Amino acid sequence: MTDDGWLTEEVLRAYAAAPDPRLRELLAALIRHLHAFATETALTHREWLAGLEFLTAVGQMCDERRQEFVLLSDVLGLSAQVDHVNAAEGATEPTVLGPFYRPGAPHRPLGAHIGRPEDGAPTLIKGRVTDTGGQPIAGATLDVWQCSANGLYDTQDPQQPSFNLRGVFTTGPDGGYEFRTVRPVSYPIPVDGPVGALLRASARHNWRASHVHAIVSAAGFEPVTTHIFDTDNEYLRSDAVFGVRESLIARFRPAGAADPDDVSFVAAADFVLAPAR
Ligand SMILES: [Fe+2]
């Protein structure tokens, strides 16, 4: 049977009176794209049902500690696409928040170590926070978090103290910051649920390029949720959640004579914030 689009038009009309204009716009686009998907692929009843069963399984995998829908959005690149659509002009590129952020990390003095010796190779990360005109932003905060040498975040690992490898730092008068952490390692995203089945069916691996997370914010500016990636990592070109941006890759160089003697690596990462919208 040919499809001249009359059904899509009828469904669109049925939702055209939604009072909220943004809801109306989102529903109309969703209906158009869903109908076009079914038409383009000549979707069979069996495939349609398999899709619904898959989404049901994704929902059933979710609880307070596990958000399989976020994972699904991540591996389909939708999370990264939403980041991209909302990126502020001239500011540091945003990338995925991921499922491991915890609000309420302790404020720590500049230079403090957010982890323990057993978490990995001690590393100094430092840089500046500026506005899009290059002016330093004093009093900006960096909320940073990462996993330990075993690839696990504190929330996944009962051996780590609460808020291990997490901390909030405030920039000085020159917009500068520095903190000690460990050199990040790659870690696998969970594949014991329906998203894992999707990755296997697609012959995709489940590894994330090694990274340190950061949310950088300051009064009067758009906050940015981003990563610092390590240039020396085998998954930089195939990150499981499409989070890598060229501008976010930093070199973790071996510490030299001019560096503090308690660190093995030093990385520089500057952040640029755009004015609040
Ligand atoms: Fe992460």
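Owing to the predicted nature of the structure, the values given are computational and were not obtained by experimental measurement. When a ligand or atom number is given, it counts from 1 through the structure's own listing order.
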Review point. Please walk me through it: do Asp232 and Arg251 pass salt bridge (charged side-chain N to carboxylate O under 4.0 Å, His left out)?
Key: CA-CA 7 Å; Asp232 183 19; Arg251 191 165 101 79; over 6 Å; no
**Study point:** Counterpart residues, ring-ring contact (aromatic ring centres under 6.0 Å, His included), relative to Phe252 (two or more places apart)
**Key:** none
**Study point:** Carboxylate-amine/guanidinium proximity below 4.0 Å for Asp83 and Arg245
**Key:** no
Study note, to complete from the structure: Within the 2.8 Å cut-off the protein N, O or S neighbours of the Fe ion (ligand 1) are Tyr153 OH, Tyr187 OH, His211 NE2, His213 NE2
Practice item. Would you confirm whether Asp270, through its side chain, and Gly127, through its main-chain N or O, come within 3.5 Å as a donor-acceptor pair? Key: no
Study note, to complete from the structure: Closest non-hydrogen contact found for Ala105 with Asp143 is CB-OD1, 4.0 Å
Check your understanding: Between Phe163, Phe100, Tyr101, which is the residue that forms a ring-ring contact (aromatic ring centres under 6.0 Å, His included) with Tyr153?
Key -> Phe100
